[in-house]
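Structure, as structure tokens:
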Amino acid sequence: MIDLKDLRANPDKYRLGAKNKAMPADIDGLLAVDAAVRGAQTQLQELTAEKNRLSKDIGPPMGLLKKADGAQKAELEAKLAALKARPLEIASQEPELEESIRQLEAGRLALWLKIPQPADAQALFGPLPVGSDAEGNQEIRRVGTPAFDPGKSFAQNKGFTPKTHLELIENLGLADFQRGVKMAGSRSYVLTGLGQRLHNAVLQFAFNRMCDRHGFQAMSVPVLVREELMTGTGFFPAGREQAYCIEESKREDGGRDLFLTGTGEVGLMGFHQDEILEEETLPRRYTTVSTCFRREAGAAGRDTAGLYRIHQFDKVEQIVICRADEMESRDWHQKMLGFVEELLAALELPYRLLQCCTGDLGVKNADMVDVECWMPGRGDLGKDGRPQGAWGETHSASRLYDFQTRRLNLRYRAKLENGKTEVRFCHSLNNTVLASPRILIPLLEIHQNADGSVTVPPALRPYLGGLEVIGRKS
RNA sequence: GGAGAGGUGGCUGAGUGGCCGAAAGCGCCCGUUUGCUAAACGGGUAUACGGCUAAAACCGUAUCGGGGGUUCGAAUCCCCCCCUCUCCGCCA
């Protein structure tokens with residue numbers, strides 16, 4: 001949610017911001033409704049103030065009336081009636097004004113929630129490119145591993161033609177798609193045997209790393225949450241179509257609808273909703289591993305095979321809540337991305353960094369950097385009828401200023417230089433640490449061997465009972 | 001599921017119709033004094049929105065779990081909802 005005061009002062013900033021993000025935003029409509037809301041509020045407040053003022057004079061004669069009798073009583077009653085006349089008149093006018101304010105405010109909120117956070121001009125890696133969609137994203141750098149140079153083909157790197165993760169999974173018995181679909185419909189799967197163990201291993205590895213090396217607090221989160229939290233974290237209203245809804249309100253005993261979260265970010269950020277944190281307790285660094293649910297609406301037909309685009313997966317997520325300091329916030333963005341780069345190096349996966357353009361940022365981000373891993377079994381088919389390999393998104397690091405905390409009403413008490421304190425909205429950031437099973441795609445494809453086996457990166461072996469190779473009898 | 005109790009400021013806790021945005025204590029901040037790793041004393045210490053401002057000060061409105069009602073006026077009376085706790089039952 002953007003700052004309305006700032007919108008009033010700098011409407012053009014938000015007009016341009018929405019235009020660059022290619023999002024509809026009715027700035028003029030919002031400003032008009034906002035002016036109407038404030039006008040009506042002022043009118044009501046002035047009336048109420050008058051009523052309150054006059055009401056103070058009624059108390060004393062009311063006290064006298066209780067003791068009075070006869071002519072004195074009649075006199076007091078007449079006096080009180082006169083005193084009450086104007087307050088009564090005002091009280092009769094208030095409900096109508098209140099109702100119109102309610103309606104105006106509802107209209108204002110609906111428009112308000114749709115105004116996107118303008119993208120920063122200066123992003124993590126230089127100027128933030130303006131573009132309408134992911135096509136406009138800019139590659140920052142490619143990072144290989146000692147064993148794999150992403151500048152060369154898989155065959156050049158390893159001397160044989162790679163299998164796709166689907167082929168590897170089938171040969172090695174790591175997942176069962178047919179039965180997954182039987183039970184839960186398209187885009188469903190069951191990890192089996194070492195597939196599930198590898199999945200658990202890589203999640204645990206990533207989670208432990210965030211806690212042990214980077215000082216993040218381990219958390220569990222609810223994945224079934226109320227609508228306010230989906231709105232508060234910025235996923236609604238725009239992303240409503242992407243979330244599964246549990247329609248408890250439709251039951252006979254009429255509960256409240258709940259939504260399955262698409263990321264642990266929702267629960268981690270919601271933890272401090274409506275709180276005022278003490279400045280010395282910041283930054284808050286939280287990590288969780290949670291199951292994520294996504295409808296993938298609008299993705300019909302895309303990435304239908306394999307583990308790439310699925311309705312349910314698990315993700316280790318990191319979030320940071322820090323002071324409202326742009327430099328500190330930018331610094332965390334860099335650090336959080338660094339944690340991922342270290343992790344991918346440990347997993348020996350080649351990746352590249354993408355500076356996302358305005359059109360790819362989503363409603364809440366001021367800056368976003370994606371990480372893509374090289375997936376040899378992905379992409380267009382070559383002359384030999386085999387996939388040529390492609391980059392596939394595995395991580396996304398976002399910086400949000402106070403857009404999210406404003407909606408969550410998440411603030412902190414800032415100590416000012418003059419000794420006073422001021423309550424401010426925190427800044428928030430989030431980044432994937434690791435999402436699986438998607439990460440299994442590059443993990444299997446990159447580390448596959450010519451004989452169809454897959455070497456387990458040494459970092460993961462402790463989580464697999466020391467297993468070094470999947471699919472080769474030792 | 002049954003029975004009962006309760007939700008007041010950062011915390012504890014008073015307050016049953018106007019003098020209550022709210023006593024008192026604790027905590028925190030500032031100052032004074034005595035001095036030594038602290039005590040005493042004095043003062044200050046919620047949030048949001050709106051108005052007026054260059055910005056403050058200031059003024060107004062709202063907020064005592066949430067919503068509605070009664071009233072000229074509600075922390076206080078009435079109704080509905082939410083949440084917490086205790087005991088019993090049931091179950092992981």
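Letters A, B, ... mirror the listed sequences (proteins, then strands); counts begin at 1. Only this structure's heavy atoms are used, side chains among them; waters, hydrogens and symmetry mates stay out. Here the structure is a predicted model, which means the values were calculated and not measured.
A cation-pi arrangement is absent between A/Arg226 and A/Phe259, since the terminal nitrogen or guanidinium carbon is not both under 6.0 Å from the aromatic centre and inside a 45° cone about the axis. Cation-pi geometry between A/Arg399 and A/Tyr401 is satisfied (NZ or CZ under 6.0 Å from the ring centre, within 45° of the ring normal).
Side-chain N/O atoms of A/Arg38 include one lying less than 4.0 angstrom from OP1 or OP2 on B/rG51. Contact annotation: A/Arg413 side-chain N/O to B/rU47 OP1/OP2 distance is under 4.0 Å. The phosphate of B/rG73 has neither OP1 nor OP2 within less than 4.0 Å of any side-chain N or O from A/Lys56.
Protein atom CG of A/Leu277 is 15 Å distant from nucleotide atom C1' of B/rU47, rounded to whole Å. Whole-Å rounding puts the A/Leu47 CG to B/rC72 C1' distance at 15 Å. Going from atom CG of A/Leu83 over to atom C1' of B/rC72 covers 9 Å, rounded to whole Å. For A/Glu422 and B/rU47, the CD to C1' distance is 13 Å, given to the nearest whole Å. Here the P atom of nucleotide B/rC11 and the CD1 atom of A/Ile276 are 10 Å apart, to the nearest Å.
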**Message:** For RNA chain B, please output the secondary structure as dot-bracket, reading 5' to 3'. Pairs are Watson-Crick or G-U wobble, both atom distances under 3.5 Å; mark crossing pairs with [ ], other-strand partners with |, unpaired with a dot.
**Reply:** ((((((((.[[[..)..(.....]]]((((((.......))))))((((((......)))))).[[[[[..)....]]]]])))))))....
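When the C1' atom is used for both B/rU76 and B/rA57, the distance is 35 Å, rounded to whole Å. Across the P atoms, B/rA75 and B/rA23 are found 14 Å apart, a figure rounded to whole Å. B/rC85 sits 16 Å from B/rG13 when the P atoms are compared, rounded to a whole Å.
Considering only side-chain atoms of A/Arg411, the nucleotide from B/rG68, B/rC72, B/rU47 that sits closest is B/rU47. Closest to the side chain of A/Arg226, out of B/rC83, B/rG50, B/rC72, is B/rC83.
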Scan nucleotides 58-64 of chain B against the protein and return all N/O pairs shorter than 3.5 Å with their distances rounded to 0.1 Å.
{"unit_1": "B/rG60", "atom_1": "N2", "unit_2": "A/Gln45", "atom_2": "OE1", "d": "2.9"}
{"unit_1": "B/rG60", "atom_1": "N2", "unit_2": "A/Gln45", "atom_2": "NE2", "d": "3.3"}
{"unit_1": "B/rU61", "atom_1": "OP1", "unit_2": "A/Asn52", "atom_2": "ND2", "d": "3.2"}

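Note on A/Leu88: only backbone sugar-phosphate atoms sit closer than 4.0 angstrom, heavy atoms only; bases stay farther off.
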